[in-house]
Amino acid sequence: MEGEKIEKKPYDAKEAEPRMYALWEESGFFNPDNLPKKSGKPFAVFLPLPNITGNLHMGHALNAAVTDILIRYHRMKGFDTVWFPGTDHAGIAAQNVVEKELKKEDTTRHKLGREAFMARVWEWKQKYGDIIMGQFKTMGASFDISRTRFTLDPAYAEAVADAFVHYHKQDLLYRAYRTINWCTRCATGISDLEVDYKEEEGVLYYLKYGPFTVATSRPETKFGDTALAVNPADERYKKYIGTEVEITTLDTAEEGKTVTVRLPVVGDEAADMVFGTGIIKVTPAHDIADFEIGERHKLPMLQVIDARGKMMNAGRFDGLKASEAREKVVAELRTAGLVEREEKYTRNLAVCSRCSTAIEPLPSRQWFLKMERLAKATLGALEKGETNIVPQNFAAPYKAWLENTRDWCVSRQLWWGHRLPVWFCKGNPVEQRVFGSATDWVERNYVVVKEKPEICPICRQCSMEQTEDVCDTWFSSALWPFAGLSHGDIKRFYPSQVLITARDIINLWVGRMVFSGLEFMKGVPFKDVFIHGTVLTKDGKRMSKSLGTGIDPLTLVEKYGADATRFGIVWQAMGTQDIRFDEAAVVAGRKFANKIYNAARFVMGRVGTAPSVQIDMSKASAADVLVLGRADETKKAVEAHLTVYEFGQALHALYDFFWHDYCDVYIEEAKNSPSSETDAVLYALLIGSLKLLHPFMPFVTESVWQELPNKEKSLLMVAEW
RNA sequence: GCGCGCAUAGCUCAGUGGUAGAGCGUUUCAUUGACAUUGAAAAGGUCCCAAGUUCGAUCCUUGGUGCGCGCACCA
């Protein structure tokens, strides 16, 4: 009311935010089925499955903020909008976390047993699954909680089993005995993409191998050598190809003695003429490249390191850890005069991406998904523009991976995950020999079917036994855009419009979702892939818990409010650039929220209880025309920026307009221009600004909207854009 | 080794083939007026270096330097 003093107070985010979220949830509008009018135009986004292993970090906060902007924007534009939330059981990662807990209690999963251990992981899941979803809500995420899925839900698990059986029927999935990446700590095989490399100072030993000298960093594997390889074009060694050479090596039975063994020499392109001496000792059982040489030349595999990383088949070295064996072997080789020289060098040590333990390549029976056809289809979708990667420069590495990828090892020797739908015959099993690989191996008879067969179709009498192996987590998360969804939702919302994610899982997850979608849904799962930046510390370091450089977004919410936190992140999210996160931007966000709140209070006080938004342009002043023009430009700029995922740019445009054009200039002038025309412009622009700002700062805008004297609809969240 | 990104104010970053911008910080002024979580103003920049294209380059090209990242079976 005129003359009445407006109470002096700053915006209280802490009070308003939970209240607004409750209002939204009560409305049910996060669920597109409840929207007042349905347009038939879908807009769907799938939340990139957060792991149940921890709390929200800045990467999640950025992802949630930009996704929520798009979701709210499209909802206001009248799309049938849905954001699918959910969590990932995160097989190896979750199992590790719980194992760490057990270690504190001085026990292990083996002591607990499978059942009890699984119960513990489920307990963990209940707790952290809820926590992480709650944290997304705190950030204002307007996802449809009624559509929450978890990758181990029964319906989801069924889809995983279906996929496995399907691939097997299609002859894309096979079991093989191969040298794979094995983590001795996690006690499971892992895929190529789960291997990290870290530089390590090592020694390159030049060992005497009969007439040759061979460079190796792993002398302890020499007992597993089954050949030597040279490049077929190498003039130095060409003449040896196809012959056998005599090698003097350590006797594994008696210390101080040497024995002579014979090794064939093969010609293989893998031998680099300029590295070392140009000769490779081929150990197919303990090196993946060597395994491949072995495949090409039908070499036998001789395993000398077991699944715990200890020596085997190596006589008196048996039971030693590989690293201990190395020292011992080198010492003895020196004594025997079999070491020509030693060279320091840095090598890329393969480590488990989950626990950083050195990978031990080992021969193991695993399930593999043939990648050739699937990768080709994925490349096709990329080339035809069915999937569009933003920014484009991430398409090149994605392509390179698809063009070169090996078959995917999808089985894991874990407990936490989807058991494979593989059933072994146990009564009177007929063993079969499997040929066609480097080694012949004995395989139990099995069938691949979703449900346990009533009676074994092989021996016709046993009750079958399910494999202990589980699926790679990424095999199940690859099905995320459709697994466990209702037919109705698939029909309406597949494919989704955009996948918003970080660059580190482009191959691990995005590529695999695309080929899964192509295989099972006959179409890509999303049209655009937007790769947002990585949130770094202010001095450009990676945020990491262990380094203590992480910032908890919830601490920021606590201090400044969720709107301010969203503002702070998005303010710095320029295009797809990495963000050196500066808390000052969150402070600016809090100030901006306060500005919105106070400008609104001023305008409401000024325009009274029955404001008009009718603007008669013929009576408009120069100031009116100017500010209305700027408003229009701003709206267009926001829309243009959002269509190309330029969130920071959009927010900067809004900030400039609202603070400077609307508040500093127009409102200040309006104080000297008490006309009803000005009132109409003031009020119309307030309404308009709240709408434009809502996707970015949903809480403060909604709470102001709730105070408007003549709000047209109950919620700003579903107001017309 | 191959590839990608970045380099602009004290800090974090926008931006443009022609006088260089924001947020935060700094300095000065303004106070019972929506907001001091404010307003007005100011200081502060060899736009990494070099060459080239151009009437004109911070922007385009090439080379270099520095930082970050991805990929790779170098035994």
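Sequence lines set the chain letters: A, B, ... in the order given, protein chains first and strands last, and positions in each chain run from 1. The structure displayed is predicted, hence computed values, not measured ones.
- Across all strands shown, Tyr597(A) has no heavy atoms under 4.0 Å from either base or sugar-phosphate atoms.
- As judged by a 4.0 angstrom heavy-atom cut-off over every strand, Asp272(A) is placed among the base-contacting residues.
- Within 6.0 Å of the CD atom in Glu639(A), the count of heavy atoms belonging to other residues, nucleotides or ligands exceeds 12.
- Candidate nucleotides C73(B), C4(B), G23(B) were compared by shortest atom distance to the side chain of His660(A), and G23(B) ranks first.
- Across all strands shown, Ala270(A) has heavy atoms under 4.0 Å from base atoms, whether or not it also approaches the sugar-phosphate.
- With rounding to whole Å, Asn348(A) atom CG is found 8 Å from A75(B) atom P.
- Among the protein residues, Ala400(A) comes within range of no part of the nucleic acid, since none of its heavy atoms lies under 4.0 Å from any strand.
- In this structure, Arg178(A) is positioned above the aromatic face of Phe368(A), its NZ or CZ under 6.0 Å from the six-membered ring centre and within 45° of the axis.
- Because its NZ or CZ atom is both nearer than 6.0 Å to the ring centre of Tyr209(A) and within 45° of the ring axis, Lys222(A) counts as a cation-pi partner of that residue.
- Within residues 211-234 of chain A, the residues that have a heavy atom under 4.0 Å from RNA chain B are, in order of number, Ala215(A).
- Distance alone, capped at 3.5 Å, is enough to place a donor-acceptor pair between the Thr226(A) side chain and the Pro300(A) backbone.
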* **Letter per nucleotide, 5' to 3', of nucleotides 8-13 of chain B [B base touched, S only sugar-phosphate touched, - untouched; heavy atoms, 4.0 Å]** => ---SSS
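- Within the nucleic acid shown, Ala584(A) comes within 4.0 Å of sugar-phosphate atoms alone, with no base atom in reach, counting heavy atoms only.
- Within the nucleic acid shown, Ile506(A) has no heavy atom closer than 4.0 Å to any nucleic acid atom.
- Atom CG of Asp192(A) and atom C1' of C73(B) are 10 Å apart (whole Å).
- Distance check on atom P: G39(B) versus A51(B) gives 45 Å, rounded to whole Å.
- Both Asn598(A) and Tyr345(A) lie near RNA chain B, and the one whose nearest nucleotide falls closer to the 5' end is Asn598(A).
- Annotation: Phe592(A) is not in aromatic contact with Tyr597(A) [ring centroid separation under 6.0 Å not met].
- Of the listed nucleotides (G23(B), C69(B), G70(B)), G23(B) has the atom at the smallest distance from the side chain of Tyr655(A).
- Remark: P of A75(B) and CZ of Phe291(A) are 19 Å apart, rounded to the nearest angstrom.
- Spacing of P atoms, G63(B) relative to G3(B), comes out at 11 Å, to the nearest Å.
- Here A14(B) is the nucleotide among G39(B), A14(B), A34(B) with the atom lying nearest to any side-chain atom of Gln649(A).
- Residue contacts for Gly278(A): at a heavy-atom cut-off of 4.0 Å it reaches a base atom on one of the strands shown.
- Residue Leu349(A) contributes atom CG, which lies 14 Å from atom C1' of C74(B) at whole-angstrom precision.
- The side chain of Arg542(A) sits closest to G70(B) out of U37(B), G70(B), A75(B).
- A donor-acceptor contact under 3.5 Å links the side chain of Lys671(A) to the base of A34(B).
- Taking 3.5 Å as the limit, the base of A34(B) and the side chain of Glu668(A) contain a donor-acceptor pair of atoms between them.
- Judged by distance alone, with hydrogens and angles left aside, the side-chain atoms of Asp268(A) form no donor-acceptor pair with the main-chain N or O of Ala229(A) at under 3.5 Å.
- For the C1' atoms, the distance from U31(B) to G21(B) is 30 Å, rounded to whole Å.
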* To do: Please lay out, stage by stage, how Lys559(A) and Asp552(A) fare under the test salt bridge (charged side-chain N to carboxylate O under 4.0 Å, His left out).
  => CA-CA 11 Å; Lys559(A) 257 170 104 175; Asp552(A) 180 357; over 6 Å; no
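- Ring pair Tyr662(A)/Tyr666(A) is parallel by interplanar angle, where below 30° counts as parallel and above 60° as perpendicular.
- The nearest whole Å value for the distance from the CH2 atom in Trp401(A) to the P atom in A72(B) is 10 Å.
- Checked for salt-bridge contact, Lys14(A) and Asp12(A) miss the test: no charged N lies under 4.0 Å from a carboxylate O.
- Figure legend: cation-pi geometry between Arg512(A) and Trp408(A), with NZ or CZ positioned under 6.0 Å from the six-membered ring centre and within 45° of its axis.
- The aromatic rings of Tyr655(A) and Phe567(A) sit tilted relative to each other, their planes meeting at an angle between 30° and 60°.
- Taking the P atom of each, A9(B) and G44(B) are spaced 14 Å apart, rounded to whole Å.
- Between the NE2 atom of His532(A) and the P atom of C69(B) there is a distance of 16 Å, rounded to whole Å.
- Nucleotides U19(B) and G1(B), compared at atom C1', are 47 Å apart to the nearest Å.
- Within the 4.5 Å cutoff, no side-chain heavy atoms of Val265(A) are placed close to those of Tyr237(A).
- One distance of note links OG1 of Thr283(A) with CD1 of Ile305(A); it measures 9.0 Å at 0.5 Å rounding.
- At least one test fails for Arg630(A) against the ring of Phe657(A): distance under 6.0 Å to the centre or angle within 45° of the axis.
- Spacing between atom CG of Asp679(A) and atom P of A34(B) amounts to 14 Å, rounded to whole angstrom units.
- Among the nucleotides G23(B), C74(B), U38(B), the one closest to the side chain of Lys591(A) is U38(B).
- Salt bridge status for Lys370(A) with Asp407(A): absent, with no side-chain N to carboxylate O gap under 4.0 Å.
- Between A41(B) and G10(B), the distance separating the two P atoms is 23 Å to the nearest Å.
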* **Strand RNA chain B as a dot-bracket string - pairs counted if Watson-Crick or G-U with both distances under 3.5 Å, | where the partner lies in another strand** => (((((((..((((....[..)))).(((((.......))))).....(((((..]....))))))))))))....
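- Within the nucleic acid shown, Ile280(A) comes within 4.0 Å of at least one base atom, counting heavy atoms only.
- Nucleotides G45(B) and A20(B) have their P atoms positioned 13 Å apart, rounded to a whole Å.
- Distance noted for atom C1' between A57(B) and G52(B): 11 Å (whole Å).
- The nucleotide whose nearest atom lies closest to any side-chain atom of Ile667(A) is, among G70(B), U37(B), A34(B), A34(B).
- Atoms NZ (Lys281(A)) and P (C74(B)) sit 16 Å apart, rounded to a whole Å.
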